[in-house]
Structures are given as C-alpha cells and as structure tokens.
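Below: one structure, written as structure tokens.
Chain identifiers are assigned alphabetically (A, B, ...) following the order of the sequence lines, protein sequences preceding nucleic acid strands; residue numbering begins at 1 within each chain.
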Amino acid sequence: MTSEVEKKTDRYTPAAIEEKWRERWASSGLHNTPDTSDKPNFYFLTMFPYPSGEIHVGHWYAFAPPDAAARFLRMRGHNVLFPMGFDAFGINAENAAIDRKLHPAVWTERNMAHMREQFNRMGAAIDWRREVVTCYPEYYRWNQWMFLKLYEKGLAYRGDAPVNWCPRDETVLANEQVINGRCERCDTPVVKRQMTQWFYRITKYADELLRFDGLDWPERVRVLQTNWIGRSEGAELAFPVEGHAGEEIRFFTTRPDTIYGATFMVVAPEHPLVEKIAAPKHRPEVERYVQHARNMAEIERASAEREKTGVDTGAFARNVFTGERIPIWVADYVLATYGTGAIMAVPGHDERDFAFAKKHRLEIREVISPDGTAHARLDEPYAGDGVMVRSGPFTGMRTEEGKRAVADDAKKRGTGGPSVTYRLHDWLISRQRYWGTPIPIVHCDTCGAVPVPYEQLPVVLPRDVEFTGRGGSPLSHVASFVNTTCPKCGGPARRDTDTMDTFVDSSWYMYRYVDPKYDKAFMNKDLGKKWLPVQQYTGGVEHAILHLLYMRFMAKALRDMGELWFDEPAIRFRYQGTIVFKGRKMSKSRGNVQTPDAYVEKYGADTLRLFMMFMGPWVDGADWDASGIEGVHRFLRRVWELAQAEAQPAGPRDADVDRAVHRAIAKVTDDLQTYSFNTAVAAMMELSNALQHATGPSRDEGVATLLLLLAPFAPYMTEELWERRGGRGSVHGQSWPAFDPAIAAANEVTLVIQIDGKVRDRISAPAGIAQPAAEKLAMASPKVKSALDGREPARTIFVPDRLVNFVTRRPS
RNA sequence: GCCGGAGUGGCGAAAUCGGUUUACGCAGCUGACUUAAGAUCAGCCUGGGCGCAAGCCCUAUGAGGGUUCGAGUCCCUCCUCCGGCACCA
C-alpha cells in the first residue's frame, strides 16, 4: 500500500539533511538577529554554560526546548535575540592545568570549540556574532570597571570576617557555595577562617531583593530566595559587662518579650569580647575552648544533634530589665556570623537555651505563659506566643504587644531598639585562584589599598604562571604581575593577587550580548535600550539562589549608578529540572556521563530534540532513559512520508480533519507558551495520526500546518520538507498558523449519562443541546432505562455539552 | 526539625472550572505482510468476575476519613519519595 510512496520518496536520512542545512543556514545568516526590524524585539536568554568539555544529555535538555520556544516566538512575529556564550572562568580549568599540564586558556578554548559544535549540531538558532566569553580581557575588564564603581559607592569593601575556607581548593567560598558544610565543588568539609577579603554589599539590597513586583518567576524560586535572605524582625539590645566600664554585649532577639527570662548570655567563640572579659581564673579553659572551636570543621560544628558544649567566661552582664547579674558563657551553638554573634539566653522559651541550661545547671524561668498564669516549674521550653508573666511592668501583656513595648522601652533607655536582621551575608567575591578576573587593587605601604585607575584597565591576567595546586594564589608567585607602582604616590607597591568569584562574571553578561565588542562601556546603551530587560530567561533550578540573586543585585547596583534604567534584569523566568542517570547526578568523577553523540548519529538531532521535549514536563527533569526515543523517531519518519505523499485529489473538505488541525494549533500554541513541550509533541502526534487516515484537501492543508507547528521542534527536517514541497524561503521565516475557534468547535459532543454519579451510558448529541432535549435523549437510552429500573430522578444535574446526571436519592 | 513539591497502568506520562481516568508514547502480546527476521500496518493491554461471543457487572489515581449528585482534582489525618534550609537567637 505504501510501496508507491516508497518509490517516490527516499528514506529519511537525518545526517545528510542536517549537514546540508547547517551549512546553508550558516552561509545565509538565517540566525543572525538585527537590532532593528519591522517586528517587535524580544530578548530570550538561556543561561550560558560552563565549558567543562563534558557534553552530556543534560546540555541538550537545557538548550533544545528554549531554542524551540525562541523559534516559536520568531514565527509569531517577534525579532528574537537568542544569544549564547561561555561562562569561561573557573576552577575546573585550573585543576585541568594542574592535572594535565595544559594551560587553562588552552583547555577552555578547546572545550568551547567542542560546545559550539554541539550547539550547531543541535540546530540551535544562535546568533554567534554576539557570543560572549567571560575569560577574554575585553569582557572581564568590565568586571574590574564595575568593581571600581562599586568601591567608589561603598558597595565593594575589604573586610575582616570569619569566612568559609575550602582546604582542598585552597580558596575561600561564598556562603552560597557551601552545601551542608561542604565545598560545592569538591565536597570537602569547609572550615571557618578569619581572613581579610573583598565583599560586595548585597545586604544593602536585602529588602528590595525580597520584592518580586512585576516579575513572572516561579513560586519555588521566589520562596528559595526569600528563605535564603531570611529576614527576621525583632530588637537589637545591649547588656553592659560588669567590671568593664563602657563594654557591652549587643545581641539580636526576635523575642524581646522574653527578656525577663534571660538568665544568662552566650557569645560565639569568635566574639571579639571573649578574650577581654574572661575572668583570669577561667581564661585558660576559655582559650582552650575557643581554639578547639576554631579548628573544627563547619559540618561537625553545625550538627544540630551534637550536645551543646560551652564554658563559663567567669564574667557577668547586667540584665538591664531585671537588674540581675547574669553569667556570660561562650558556646559554639551561637554563630559568629549571624546577628551580633551573641545572644541573651532564655532557657524557658528557647529549645537550644533550654538544653544548654539543663546541661550546665543554669536558671530556667518561665516568663511567657500560654494561659496567662505563672507556673511553678517548666518541664520543657515553651516557644509559642502567650502572656508575659514575672515581667515587671510588662506582666500581662500579650506577645505581640510585649515585643513592641520592650523594644520601645529599650530605645528610651538608650540600650537598643527595634531592629531587623538577615540571614543573607555580603557576597564574598575574592578567590585565591588564578583563572578569574584579577581584582583591580594595588597595595601600597604608604597609601594602603589603592584602586587601579580606570584608564589602566584591564588588569590582564598573566599567561605564564606555574600551577602547583599548592601554596596560595598562583598570581602571588608571578613577580612581573605583583610588582608595580602605586597609582597614588608612585612608590613601589604590590597588586592584589586574588581573583573574582566567577558568579561576578555571570551577574551581568546579559547586557554584554547586545554588543559584545563595544569598548566604551560594559554595554552599548543605545542598543541595550532596544532589548533590555530580558523578557524571557531560562535555566536550571540549581541556580535559584546563587546566580539569580547575584544577577538581581548587580542590576540594582548598576541602576543606582545610573547605568541601567530598570529594576530587574529578567522579567519572566522558567527553569528546567535536572537530568540524572539512575538517580544520580551525572559527573565525570562518577563515570556516568551520558553523551548525546550516539543518539544524534543514529536518529539525528531532530529526533533527540523532540525526545528531550517529549520525555515529560520540562520543569520536572528526568532520569535519563532513552528507550522511548524510537517512538519520536517513528513519528518523524511518518511525518516524512506524509509530507511527501502524492497530492490528494480534489474533493470535499473533511470537517473532522479540519477540526483536528485547528485543535492541534491551539494546543501547540498554548503549550509552547507554558513550556509544556511534552503535551505539544503529543498533540502533533495525534494530528499526524489523524492525517494518516484523511483524504482530500483537508489532508493536504493539514500536513502543511503540521510542518509549521513542527518547525520549532524539528528545524532540520521541516526545512528539508518545506523545500521539497516547493515552499518559498525558509520554513523558519513563515508565520505561525492561525487558530480558528469556529473550525475547532465540535458540532457533535459526547454526553456522559450518569445515574447517582455513576456512568451508565455515553450518547452523542449536537453541540449546545439544551437540558430538556438532553434529558429526553438520555431517558431514551436502554441502558439508562434498565439502570433506573423504574425509579424517578429526584433531580437532574446538567453540565452543557458534558453530562447529564440523574439523582434518584433524596439529599439526607 | 522547618519550608516547598510530588505519589495515576509493567514504564515515561495525560486529564481547563470538581464532570468519560489513563491522551500521546515505550515495552509486551495477537494478527497481516514476509521463505524468515527486521521494518511497516491493524488490534489488545488497571485488576477481578460473568459470557461461546458482541458485551455486561464490579473495582482502581500512596493509605484512611470528610464535603459533594459527582473527587486524581477541595478539606482533615497519616505514609513514602524528591528538593531546599538546617543550632539563624
């Protein structure tokens, strides 16, 4: 039956077709996006990859669906900017240099070449003229420029703080790069070190970052960011230290209403006052404890199950509310990095303080009562709201009122007042590594830290560096780099040998794509005005906090410098889930990296693209299993045959086929807007199944429509078929098919007939049938008659075009 | 522990507003074509029961309860899995 067709059409050979179109598109510049056209501009951005060299199926999953979405927008009449580049700095390149004696620049270039090739095989419609590569001086000079600008504004500063140190990578890490007390990269337990480092003052924008006004971002990402920022309202208060005139311990609490229950204080081992106030008798023990705490790995120290250790400093503070002397302890359950590194301990109403008080026999006092009456003893801490008891003039106040009253009272006395604290810390951006942006600062013995003058940018990363993997920042061993003159006094000086966190690079790259070669500013603002902000951003959920928060911060900082004219860099964000393999993340070290190459070779890029989108909902990710790839390949082969079959003889239209076509248009259009790629593919499969059995002009037109719908998904095959069918220009330059609801509307519907909610029959009826007519039809059904068995419906539920439900029971 | 999200065939998954559960595929089974295999095409595929058969009845969306004419969808309790945070005062 199909033999005739087979003679006329050759077999579907993806390799040849795809190579042909790759070349044609490249030479015709099909994917080049003009900055102005008669169509509205649309900036569609997908997170650029790190050129790790290991291309796996996850890369296709991240890039093929957005490519389809971008192509769809083009067919819908937008001038779409869909750029790509490389997040090319990073520690992996340096480790590769150490392991294989390959310069990071060489390793990175090689990997980028490989990845560009992959993008091209995928058929991604990328305008490569706009490529951005972060490790080139033309790019990173603007990191340095921004650093200097932030420094001028007080948004970049050098600070001494307890920081996360990864002993294996020999560098500090931002909080965001520590996962469960371990280094995000190498999984080594992180230790805290007191170090002088560079920070970006992201906390200045904490409150603004909590607002997502006008943003269409997934709830999940907003929640993650909100929790990360961790805003807490309460009071910052201070208790004076006895015997140390002028010294006081400041602390933050969310429960000022419990202050009469503060029977002791606890300071973190890193607290600056510890050494000063420890009583001589206690000093050796305190020093031993502090030393021990410092040497402990974070993961060990942070374990909540661990018993609460601590020692008495022998010093006392005065609870200014009760007037009592209360002991000051040092314990590592108080974190140096949150609040002020000290707390008032209220064992009666805080679980941790309770456990500590029990262990060290400290006084536990009830000051909040759920029922308003004071109890003789507390067997467990009560952390809920209630009424203040044993609280002097505040006794009888409820928690809400008490919080305010105590904070206001403290303010009147000059010992504190209402305050807000965040979990979010300033962004630690310096790294003791080579492959990153040099920090444009010169250290001079007379002038201190001096910014490199703007006209001397970029501070170029020296090429000849020895990679030993040991002994601090590799740059510190390069004399020609380190030794310089002070821009201020002209005397001998040393360059800062740290480099920037690579998240600095990616915090603003979206502005660079607009005109990556522009050398007067980080962005060509004239062109930027045509594109920014990004209208659609996509990428992995794993960046929900790190990159996406930094990117928002940088936009706000640049805005406040007058460099940007919007508050948020990306209006709409959608993420894809993660592709794992047998339940585990793919990685070279695990040896479970699944590469796309074999599939591309066997089935073609179009099939793999389509399969990536068909596997399941994009947001969910998947456990990689290629067993279903045959199915989508078969579908493409059927379309291949269908599109080349002989033209149908003239004849009447087929309303059923026309309806199927327009329903598919509606479904695919909708699904592409909501990133439901899997159901879009299913809808096209359904359409192709329907067309297979159709005849006449409806079939021919339906096939033509199917090719247009399929074009964003399978760009190669549809282009080839478009050409073979004598289409003008490129299929990708065509308009998206128009949906006609009148054609899609059914004139026959299936009515479900229920009796007491149970389906008894299905009958076909004209669309829009009125209730009386529908009931009559339903009653005529023999099945309904026998099921009713002579009973009379007490009432009838009618859902137009859907169901008739006869209810025989009376409502009880 | 806290905050999110999810549990539907053998598998990946569909299912506007509460209204035909299982679309679209994979795997499997049966048949057609073939010397045969493959490819392709047609059909079957929750479980159980009745029937020679067309078909019919009951049952099923993690478990239990509730609301409703009607629940995968809403409410309550519980279980399991995934993600995030984790002594944050």
Counterpart base for [N], defined by Watson-Crick or G-U wobble contacts under 3.5 Å:
N: U61(B); result: none
N: C29(B); result: G43(B)
N: A23(B); result: none
N: C87(B); result: none
N: U16(B); result: none
N: G7(B); result: C79(B)
N: C74(B); result: G66(B)

Whole angstrom is fine here: how far is it from [atom1] in [X] over to [atom2] in [N]?
X: Y12(A); N: U40(B); atom1: OH; atom2: P; result: 14 Å
X: D671(A); N: U16(B); atom1: CG; atom2: P; result: 11 Å
X: E630(A); N: G38(B); atom1: CD; atom2: C1'; result: 12 Å
X: L224(A); N: C85(B); atom1: CG; atom2: P; result: 7 Å

So is [X] actually on top of [Y]'s ring, under 6.0 Å and inside 45° of the axis?
X: R609(A); Y: F677(A); result: no
X: K308(A); Y: F356(A); result: no
X: R574(A); Y: W217(A); result: no

Selection from [options] that lies nearest to any side-chain heavy atom of [X]:
X: T679(A); options: A89(B), A14(B), C87(B); value: A14(B)
X: K308(A); options: G25(B), C24(B), C87(B); value: C87(B)
X: L803(A); options: G19(B), U59(B), C24(B); value: G19(B)
X: I797(A); options: C69(B), U20(B), C87(B); value: C69(B)
X: I343(A); options: A89(B), U20(B), C3(B); value: A89(B)
X: K783(A); options: C24(B), C56(B), U21(B); value: C56(B)
X: V807(A); options: C69(B), G84(B), U20(B); value: C69(B)
X: R802(A); options: G19(B), C69(B), A89(B); value: G19(B)
X: S232(A); options: U20(B), C87(B), A89(B); value: A89(B)

So what does [X] touch, heavy atoms closer than 4.0 Å: a base, only the sugar-phosphate, or nothing?
X: R220(A); result: sugar-phosphate
X: R231(A); result: nothing
X: L335(A); result: base
X: N689(A); result: sugar-phosphate
X: R222(A); result: nothing
X: V759(A); result: sugar-phosphate
X: T421(A); result: nothing
X: E686(A); result: sugar-phosphate
X: F614(A); result: base
X: H693(A); result: sugar-phosphate

With a 3.5 Å distance limit and no angle check, can you tell me whether S676(A) reaches the backbone of T679(A) through a side-chain donor-acceptor pair?
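Side chain of S676(A) to backbone of T679(A): no pair is present.
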
Taking atom [atom1] in both [N] and [M], compute the distance separating them and give it to the nearest angstrom.
N: C74(B); M: U68(B); atom1: C1'; answer: 10 Å
N: G9(B); M: G4(B); atom1: P; answer: 27 Å
N: G72(B); M: U46(B); atom1: C1'; answer: 15 Å
N: U73(B); M: A14(B); atom1: C1'; answer: 14 Å
N: A71(B); M: G48(B); atom1: P; answer: 25 Å
N: C79(B); M: G65(B); atom1: C1'; answer: 15 Å
N: A37(B); M: C50(B); atom1: P; answer: 36 Å
N: G43(B); M: C33(B); atom1: C1'; answer: 15 Å

Using 30° and 60° as the class boundaries, would you call the ring planes of W618(A) and Y61(A) parallel, tilted or perpendicular?
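W618(A) vs Y61(A) ring planes: tilted.
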
Just say parallel, tilted or perpendicular for the rings of W427(A) and Y550(A), cut-offs at 30° and 60°.
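W427(A) vs Y550(A) ring planes: parallel.
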
If you apply the rule ring pair (Phe, Tyr, Trp, His ring centres under 6.0 Å), what do you find for W624(A) with F581(A), and how did you get there?
CA-CA 5 Å; W624(A) 178 251; F581(A) 183 62; 8.3 Å; no

Among I579(A), N678(A), V632(A), side chain to side chain contact (heavy atoms under 4.5 Å, CB included) partner for M615(A):
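Single side chain to side chain contact (heavy atoms under 4.5 Å, CB included) partner of M615(A) among I579(A), N678(A), V632(A): I579(A).
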
As a test of the definition: with a 90° window around 0 for syn, would you call G28(B) syn or anti?
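It is anti.
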
For C17(B), decide between syn and anti, treating a glycosidic angle within 90° of 0 as syn.
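Base orientation relative to the sugar is syn.
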
Side-chain N or O of [X] closer than 4.0 Å to phosphate OP1/OP2 of [N]:
X: R423(A); N: A86(B); value: yes
X: T578(A); N: G83(B); value: no
X: R634(A); N: A39(B); value: no
X: N678(A); N: G12(B); value: no
X: N227(A); N: C2(B); value: no
X: R637(A); N: A39(B); value: no

Side chain to side chain donor-acceptor pair (under 3.5 Å) evaluation trace for H349(A) with T258(A):
CA-CA 7 Å; H349(A) 305 285; T258(A) 63; over 6 Å; no

Do the non-hydrogen side-chain atoms of V807(A) and T796(A) ever get within less than 4.5 Å of each other?
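Of all side-chain heavy-atom pairs linking T796(A) with V807(A), none is under 4.5 Å.
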
Between the base of G4(B) and the side chain of E219(A), is there a donor and acceptor pair under 3.5 angstrom?
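Not at all, since no donor on one side and acceptor on the other fall under 3.5 Å apart.
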
Taking for each residue the nucleotide of RNA chain B bearing the nearest heavy atom, is the 5' side occupied by V334(A) or by R760(A)?
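Its nucleotide being nearer the 5' end, the pick is R760(A).
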
5' priority, RNA chain B, between K667(A) and G628(A) [closest heavy atom]:
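Nearest-nucleotide comparison on RNA chain B picks K667(A).
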
